Amino acid sequence: MKRYEAPFVPAYAGPPRQSPVLALLRAACCWLGILIGPTVAQDRAPADEIATGNVGRLDRVFSYRIAQPGGYTGAPAVAGDTLFLQSPFPHTVYALGLARRDDPVRWRVTPDARRMASVLACCDVTTGGPVVAGDRVFVTTLDGEVLALDAATGQRAWATRPADAGRAEALTAAPFVADGRVFIGSSSDDFGVRGWVAALDAASGALLWKRYETGPDADVGIGADFKSAETGGQLGIRTWPPEGWQHGGGGLAGGFAYDAEMGVVLHGTGHPAPWNPEARPGDNRWTSGLFARDAATGMAKWFDPIAPHDLYALGAQGALLTAEMDWHGTPRRLLLHPDANGWVYVLDRASGEVLSAQPFAPGNAITGIDLAAGTPQRNPAMAVAPNAVTRDICPGWPGATGGGAPGAAAAAFLPATGLLYIPVSRLCMDFEPRDANFIAGTPFTGANLRLKPARGVSRGALVAWDVAAARPAWTVDERFPVMSGVLASSGGVVFYGTLDGLFKAVDARNGRLLWQYRTASGIVGQPIGFTLSNGRQAVAVVAGVGGVAGRVAQSDVDVRDATAAHGFANALRDLKQPGDRGGTLYVFALP
Amino acid sequence: MTGQRLAPLVLMLAVAALAACKREIRSLRTDPAAADAMGQVAPMPNRINGAPPRVLAALDDAYEANAYQLSQGKRLYTWFNCKGCHADGGGAAGPALLDGWWQYGPDKVSVFLSIRDGRPHGMPAFGRYLTAEQIWQLTGYVRTIGAYSGKTAAPSRNDEMQSRPAESRAPAAASLTAPPSR
């Protein structure tokens, strides 16, 4: 059910065009031995020429409309002067020539779709967005296919079907490509599918490894290398009721992060199945946590249990970002993770040690985090009991960030300010667990859920989190939960979009609104920055409201049922239908 | 009161009592021959709609107008994970059942075929999990929450969180707005 866009794959083929002054400064500083700031492997080609002084003059230079309705989550991808887009299921992949105004479509490919897989779109038919690496475009489809297309012609280089839609496995996250490998993860935690992550060979599509998130240690990849304070093996079986791990969930959450130097891929695991915690007593390993795995073999290095015996089916949603920073005087390799439970985790990604965890959103379910174990201390007043309604649990499902879609609401980190920009949803919920029956191919959830705004604050926000100080630097309140991704440019501008269709640019240091643009539909995707062929820097975003929250704005959800759209109908009754139910790509550049 | 005024009143009360009786009759065990016959729907070639089995008329349309059968449908709606995709009628991954828009038409045979045989864009086929009688119970319940006008029969009240207008208030009548996008 969770999807992810890849923060590490550059959204452009060539090096960024740097301003000569900046390049000189960087050279001078390196020569002088001054650390100019943490180098970050993330970012989607920060559009560093677009700065606070000139962002007000951003102009729309290109747009393209796709009539297909659905949630346009994920990100477009750019290579040279071609922009690649993927529509929601049943997908079509477009290659658009940015230099061509009339008939910009260079090619389009519609893979054969198994339409019955639409049932697996628990959180709306969406797209992870295509990923470009080398001369290939990599695409995942909801019905379980991974395709590699030639970027110039759209010809299929290879196609494989690692997820079996007949067993309710779906791929909603975009693939993540690094070092000649394509990393993918299953979704469908809500269908009681045993979650897994896998790596394919980028050249041929061959399966390199596949590791599950529940079950025997050999399936999960727990071996001699695994760092754990917990004794005794086979936790993936023993922390579940008998055979409960077979339908345990735990698919991909929070997306992938990558450390090329250590050869490690990091990812989150989704929530356990069913939602009703009484049906699965035990810690439910290895769901709702963060894994570090060897990128070549998939063997696990460490695991941080964000939510053992997850009570609210949040999973470990939320962006995963790497940063190299001084932490209390020592340079460390960090992993930044704003989690769905409303807390920002800063971890050492080599060892998995939790360095700090502080709340960024209003919450009452967790009173603290035990840094040594990485586990939460839960508020007993917010415990859930079967067949009883527990009211006003904060944060509400699917969490304070992450939007239910790994990477579709990715955060961004700007080394120059040291701030982590988090798209936030500030909702609470009434939660009623009920008995769940496992029927293959149908949802295995077992909870009634109604969302409502948190008291005293707006329903959404963009929070700028000071990583070193472990507290918020500034907050921009938003009327609706922020379900879009965030793009931070080195020029000091942060871009994000709102559910009611405003694409905004704010000052990275203080949150002051610098520019905004009204789009044809709400924005739930990831903005990207890149360089046009004429050398100008550009920012692109696709507006097409949908996804777990945005689908309330589509007319096939009746908001008079407070539990419709996973409870969002109650919280977003005033979200209007967009004028255009398809998706529209916008490209902005400086004149 | 005079005899003249009393007689129509007594008559009305008798009729109301008889109608109420019919609404509340519980037949806990269906005649096996009738149960077999209930699955004999004759679908059209495109399988969207079809002719209902004749035995339904013989049973006085029990699955639409009997409170017990509607309550059974409501129970099955939860037990067979309908809420996972359709919520409590408001829809999520599946379309809303509350709003009076029906992709395959509002007829009871359309709804029966949707549940029994599934539909191309993701509705699973429940025919192998449910008897025909249970599918008719579900059909009756689903058509009650999507009813355009009030009915005399309604299922019993929620055991679970009450999240939408009650079935007896004809929710669909209030909501015929823009058509669904897909």
Side-chain angles (χ1 to χ4, degrees), chain A residues 68-70 88 90 115-125 168 190-191 274-275 387-389 430-432 434-450 546 548 551-570 577-578 581-582, chain B residues 75-103 115 117-130 145-146 158-167 169-182:
Chain A
Q68 186 173 344
R115 297 296 179 104
M116 280 304 291
S118 297
V119 70
L120 303 175
C122 81
C123 308
D124 205 11
V125 284
D190 280 352
F191 286 77
W275 291 26
N387 308 332
V389 183
D430 297 341
F431 191 84
E432 181 191 20
R434 307 284 302 188
D435 286 339
N437 295 316
F438 181 75
I439 302 172
T442 68
F444 184 45
T445 48
N448 296 323
L449 161 63
R450 175 199 294 136
V548 66
R551 69 173 149 190
V552 170
Q554 293 165 17
S555 58
D556 29 355
V557 169
D558 191 326
V559 297
R560 293 173 304 149
D561 173 6
T563 60
H566 286 111
F568 274 100
N570 192 52
Q577 288 170 30
R581 290 198 205 120
Chain B
R75 170 182 65 80
L76 293 167
Y77 188 85
T78 306
W79 283 21
F80 283 84
N81 299 331
C82 311
K83 285 201 174 178
C85 288
H86 292 284
D88 208 0
L97 304 171
L98 195 64
D99 59 359
W101 285 103
W102 302 93
Q103 285 199 10
I115 300 173
D117 301 333
R119 291 294 185 190
H121 285 250
M123 174 66 188
F126 284 87
R128 54 190 167 136
Y129 303 119
L130 295 163
I145 55 178
N158 273 4
D159 288 333
E160 305 183 20
M161 184 196 286
Q162 181 74 41
S163 55
R164 57 151 163 80
E167 294 87 354
R169 288 165 60 187
S175 90
L176 285 176
T177 53
S181 60
R182 57 174 195 268

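Quick note: numbers below take in every heavy atom, side chains included, and nothing from hydrogens, waters or symmetry partners. Values in this document were obtained by computation on a predicted structure and should not be read as measured data. Note on naming: letters A, B, ... go to the chains in the order of the sequence lines (proteins, then strands), and numbering restarts at 1 for each one.
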| said: Taking every non-hydrogen pair under 4.5 Å, which of B/C85, B/S163, B/G118 racks up the most with chain A? | reply: B/S163
| Can you name the salt bridge (charged side-chain N to carboxylate O under 4.0 Å, His left out) partners of B/R119, sequence neighbours left out? | none
Segment of [X] engaging chain B (4.5 angstrom heavy-atom cut-off):
X	answer
A/V557	both
A/N570	neither
A/A121	backbone

| For B/P95, does its backbone N or O pair with a side-chain atom of B/H86 as donor and acceptor, under 3.5 Å? | yes
| Sub-3.5 Å donor-acceptor pair from the side chain of A/N437 to the main-chain atoms of B/W79, do we have one? | yes
| request: Check whether B/F80 gets within reach of chain A through its side chain, its backbone, both or neither, counting any heavy atom under 4.5 Å. | output: both
| request: Check each atom of B/P124 against the heavy atoms of chain A and say whether the ones under 4.5 Å are side chain, backbone, both or neither. | output: both
| field | Non-hydrogen side-chain atoms of A/D190 and A/W275 separated by less than 4.5 Å | value | yes
| Between A/R560 and B/L98, is any pair of side-chain heavy atoms under 4.5 Å apart? | yes
| task | List for me each residue that meets side-chain contact (heavy atoms from CB on, under 4.5 Å) alongside B/A96, sequence neighbours excluded, and say none if there are none. | result | A/D558, B/D99
| request: Give the member of A/R450, A/Q68, A/R434 that has the highest number of heavy-atom pairs under 4.5 Å with chain B. | output: A/R434
